[in-house]
> 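Got a structure for you, written out below as structure tokens; questions coming shortly.
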Amino acid sequence: MPDKFLKPYDPSATESRIYAEWEGSGLFNPDECVKQGVTRADATPYSIVLPPPNVTGRLHMGHALMLAIEDIFIRFKRMRGFRTLWIPGTDHAAIATQSVVEKQIKKEENKSRHDIGREELLRRIEAFAAGSHDTIVNQLKTMGASLDWSREAFTLDETRSRAVRKVFKDMYDAGLIYRGHRIVNWDPKGQTTISDDELIYQEEKTTFYYLTYGPFTIGTARPETKFGDKYVVMHPDDPRYRQFTHGQTFEAEWINGPITATVIKDESIDMGFGTGVMTITPWHSHEDFDIAERHELDKEQIIDWYGKLLPIAGEFAGMKIAEARPLIIEKLRAKHLVAKEEPYTHNIATAERTGGIVEPQIKLQWFVDVNRKIEGRGKTLKEIMIEPVRFGDIRILPEYLEKTYFHWIQNLRDWCISRQIWYGHRIPVWYRGEEIVVGDAPASDGWIQDEDTLDTWFSSGLWTFSTLGWPEETSDFLTYHPTDLLETGYDILFFWIARMILLTGFTLGTIPFKTVYLHGLVRDAQGRKISKSLGNNLDPLDIAAKFGADAARMALVVGNTPGTDMRISEDKVKGYKHFANKLWNIARFILEQANASGRVIDTKTWSSGPERDQLPAREHELLDQSDALIKEVTTDIEEFRVYLAAEKLYHYTWHELADKILEESKPIFAGADETAKASRAALLLTLLTRTVKMLHPFMPFVTEEIWQSLPTKDAPYLMVAEWPA
RNA sequence: GGGCGCUUAGCUCAGUUGGUAGAGCAACCCGUUUACACCGGGUAGGUCAGAGGUUCGAGUCCUCUAGCGCCCACCA
């Protein structure tokens, strides 16, 4: 009986020691498992890539949940004899990281990125990212994640950069990446373009104005964009405007004097909205841009890159939108051009990272064309995204999110992949006069590289295969791709999952993963979202220090179905700390009995087979019960019901093994029948061995610590012991 | 405006293919008997949001209603 069992279980003293032992054994690496003979060389591979955390700071409980679930599958499969690989890594998270560092510099030195320059800014971001990286790695290890650190990757390192350049070039050559003047979401605060998915819509109460425009009345919530308007658009079938013909011009008194306007008839106009007629501002509206393209109309910029009015606004030039709007209305009123005003509520787009009010602008940008038929493939990128999910090659859990996925793809527009920030993969395009080189840098001098960087999701979209060494045909790539499981929060289904399916489908003609497991958001005890301003964040490191990583993992996993948000509180974690201690004491009691002096324990007779039929009825029954649990738990995990498996194990361990089986055994051990005692001790030892094995994926530390003291131990670490059957 | 989800014991949530309602926490009573007070034994508590339907049988499937929440969207 080792002395350690004389005290209550102390996770803080145990967990870091055990992790170091595991790491030292090298057994997180599947090659090492084969070399050490714990995994067969011809075993079926099983792989997961860790969704790379952003190097913007530290992990939160959502990450802890992700780690717990993934580690459960990884440890389960490893114990089941698979050649199991879990690859760690981090994401440079372009805009997010740069904006964190920029804010810091602004606060501490009152300087902008332009004050310190591209090179110096990048140096500072890299230093910051390195610090975050180290914190994150420490957190990952604290949670017990059995990641193969020898394969760690970073979205911005050289291997991953090579993959990015290659995919960019392949897509460019296929005509799927193009550069063009299009309406983009411009963030005047962050001074960059952002994608549709980086927008947050916020409700705004404002005024809707009806303005007199020549013979028409037009409606608008944005009078400040109207300076350059010289087209009125109406539906060709609108009877109210039958007397006007397409192309007809007329004179009108407008904000800064008389103008000549042209009538345009276009079917996109909704006759039922407002007056059924509108003027257009093609430079600052998606819809207006499309109309202007269809009819080859002039486009003029009204608002500059900092959100201020340009000289076309006359006396209002140089003003910010917010200050100009009331002045413009005042002037229009004075000219009797305001026909009517009414209160109006609509959603305005803001930038997720900076909070800036997004202004649609026409800009020369790089795009991925999602609607173009790919030569030789006969399908579009949209179809490449839809098919594997529709045909069941990729399974999304919970299933209902498949519908959301399809719905999103239907509404998908071309993906703007260029960003006007400095941290990230520089667009791999070089110019020299009229010449252009795409892909790897040209060998000769005199070329100028594109100033922009790529959307961060472009590189993370390659993650399942770039981490495996692609574009080289490495044995890792050939062995472990497609990966088996991708587990992440449902909030990045579109950002990331969809893009991985797109980029993998195009590049490799295959799928990136077979199953997508989407967990819900982790909220605080009151159900509120975790946010800095509320200060309701629980740091996984603090929680692990206080209650143990095992307890944190169980608290996050039990009863937590995919796709459903959950609440976490210290009290909940505390409950599972008690459970870890319970298990510890169960082990102590059983080992005491098994190690009692002179007692000979032979657990072999407890395995299945003819000996089992000789057992007393009660022993037989308890083994049957344990067998049944093994079956259920195994099936539950295989069917991704880890939330159920965890609950069943908890219940069995505490309320069957401890409360019933141990209690009914006490009189036996108090009796005089040595044969019965030895027999019962062997039974308990068998049940304990099976239980710690099954609990190991969920609570790796305490189970490993117990395992190291078990006489039934048949592998150097529980981590690589055989799953019970 | 379009799509999706939720509503089960005081609280937080399970309930896998339809077969007489479950867990944890909280509450109440009892208990320190050879692991564990980070404990044990016991008690109480639900017309499964509401209405209708399919079925021998529905928390589970279908329709509608109400409340809550999330996602998407260029209505000028």
Side-chain angles (χ1 to χ4, degrees), chain A residues 1 5-10 183 196-197 199 201 208-210 218-222 225-226 229 232-234 268-270 272-281 284-291 344 346-347 349 360 398 400-413 490-491 493-494 520-521 523 525-527 547-548 551 554-555 558-561 563-569 571-572 574-593 632 635-636 639-641 643-644 646-648 650-651 654-655 658-659 662-663 665-667 669-670 684:
Chain A
M1 188 69 188
F5 279 102
L6 296 178
K7 295 176 213 146
Y9 178 63
D10 180 3
I183 291 267
D196 292 344
D197 309 288
L199 300 177
Y201 287 93
F208 194 78
Y209 301 98
Y210 290 89
I218 58 157
T220 184
R222 298 203 58 189
T225 64
K226 298 286 156 199
D229 289 11
V232 282
V233 192
M234 62 212 68
S268 69
I269 302 301
D270 177 357
F273 186 84
T275 56
V277 56
M278 68 177 197
T279 61
I280 57 167
T281 313
H284 299 291
S285 155
H286 277 106
E287 191 190 31
D288 295 2
F289 178 86
D290 292 342
I291 293 170
Y344 186 58
H346 68 155
N347 291 325
Y400 64 77
L401 284 175
E402 288 185 1
K403 288 182 219 159
T404 313
Y405 176 81
F406 291 134
H407 188 253
W408 178 80
I409 291 175
Q410 277 157 22
N411 295 318
L412 187 61
R413 285 193 301 228
Y490 64 75
D491 51 327
L493 175 61
F494 307 136
L521 267 48
R523 297 167 175 276
Q526 283 87 48
F547 306 105
M554 278 298 271
V558 173
N560 183 12
T561 51
T564 309
D565 293 353
M566 73 163 317
R567 301 177 184 209
I568 193 82
S569 62
D571 276 352
K572 196 166 179 181
K574 198 166 145 194
Y576 292 100
K577 179 181 197 265
H578 296 175
F579 178 59
N581 190 54
K582 187 75 184 178
L583 181 62
W584 185 251
N585 280 295
I586 291 168
R588 175 198 295 176
F589 179 81
I590 293 175
L591 286 173
E592 263 171 15
Q593 300 307 331
E632 274 188 56
T635 309
D636 282 340
E639 296 295 319
F640 305 101
R641 296 187 295 263
Y643 51 94
L644 259 188
E647 196 176 335
K648 286 175 183 170
Y650 177 93
H651 192 262
W654 201 311
H655 301 298
D659 291 348
L662 253 49
E663 289 305 323
S665 302
K666 283 177 184 174
F669 292 121
L684 294 181

> May I ask you to check whether over 12 heavy atoms, not counting those of Lys648(A), lie within 6.0 Å of atom NZ?
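Buried by this count: over 12 neighbours within 6.0 Å.
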> Which residue lies toward the 5' end of RNA chain B, Glu663(A) or Phe579(A), if each is placed at its nearest nucleotide?
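The residue whose closest nucleotide sits nearer the 5' end is Glu663(A).
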> How is Gly559(A) classified with respect to the nucleic acid when contacts are heavy atoms under 4.0 Å: base, sugar-phosphate, or nothing?
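Here Gly559(A) touches the backbone only, sparing every base.
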> Which nucleotide, rC39(B), rU34(B), rA73(B), lies nearest any side-chain atom of Ala670(A)?
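Minimum distance to the Ala670(A) side chain belongs to rU34(B).
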> Regarding Thr564(A), tell me which of base, sugar-phosphate or nothing describes its non-hydrogen contacts under 4.0 Å with the strands shown.
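Answer is sugar-phosphate: Thr564(A) comes under 4.0 Å of backbone atoms only.
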> Tell me: CD of Glu402(A) to P of rC4(B), nearest whole Å?
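Rounded to the whole Å, the gap is 14 Å.
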> Ignoring hydrogens and angles, answer whether the base of rC4(B) and the side-chain atoms of Lys403(A) contain a donor-acceptor pair closer than 3.5 Å.
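Between rC4(B) and Lys403(A), which were checked side chain against base, a qualifying N/O pair under 3.5 Å is absent.
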> Students often get this wrong, so: under 4.0 angstrom with heavy atoms, is Asn411(A) touching a base, only sugar-phosphate, or nothing?
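Sugar-phosphate, no base atom in range.
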> Take atom NE2 of His407(A) and atom P of rG2(B), then tell me their distance rounded to the nearest Å.
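Interatomic distance, NE2 of His407(A) to P of rG2(B): 10 Å.
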> Give the nucleotide from the list rA76(B), rG40(B), rA35(B) with an atom nearest to the side chain of Ile586(A).
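My answer, after comparing the listed nucleotides, is rA35(B).
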> For Leu644(A) and rG22(B), what is the distance between atoms CG and C1' respectively, to the nearest whole Å?
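Computing the Leu644(A):CG to rG22(B):C1' distance gives 11 Å.
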> Just to confirm, is there a sub-4.0 Å distance from OP1 or OP2 of rC39(B) to any side-chain nitrogen or oxygen of Trp654(A)?
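Indeed not, no polar side-chain atom of Trp654(A) lies that close.
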> Using OP1 and OP2 only, check whether a side-chain N or O of Thr561(A) sits under 4.0 Å from rA14(B).
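For rA14(B), OP1/OP2 do have a side-chain N/O of Thr561(A) under 4.0 Å.
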> So does His346(A) get a side-chain nitrogen or oxygen closer than 4.0 Å to the phosphate oxygens (OP1/OP2) of rC75(B)?
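His346(A) to rC75(B) OP1/OP2: no side-chain N or O under 4.0 Å.
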> Would you kindly compare Arg523(A) and Lys226(A) by the position of their nearest RNA chain B nucleotide and give the one closer to the 5′ end?
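Its nucleotide being nearer the 5' end, the pick is Arg523(A).
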> Could you check whether the side chain of Glu287(A) and the base of rA73(B) have a donor-acceptor pair of N or O atoms closer than 3.5 Å, going by distance alone?
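A donor-acceptor contact between them is absent.
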> For the side chain of Tyr344(A), starting at C-beta, report the closest nucleotide among rC75(B), rG2(B), rU16(B).
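The answer is rC75(B).
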> Within the structure, does a side-chain N or O atom of Tyr201(A) lie under 4.0 Å from either OP1 or OP2 of rC74(B)?
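Result: yes.
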> Among the candidates rC75(B), rC74(B), rC38(B), find the nucleotide nearest to the side-chain atoms of Pro8(A).
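Within the option list, the nearest is rC38(B).
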> Can a side chain N or O of His286(A) be found less than 4.0 Å away from OP1 or OP2 on rC75(B)?
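Answer is no, no contact under 4.0 Å.
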> Looking only at N and O atoms, is any donor in the side chain of Arg641(A) or the base of rU16(B) less than 3.5 Å from an acceptor on the other one?
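Checked by distance alone, the answer is yes.
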> Which nucleotide, in any strand shown, forms a Watson-Crick or G-U wobble pair with rG67(B), with both distances under 3.5 Å?
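In the structure as shown, rG67(B) has rC6(B) as its Watson-Crick or wobble partner.
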> Measuring to OP1 and OP2 of rG15(B), would you say a side-chain N or O of Tyr643(A) lies under 4.0 angstrom away?
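Checking Tyr643(A) against rG15(B): at least one side-chain N or O falls below 4.0 Å of OP1 or OP2.
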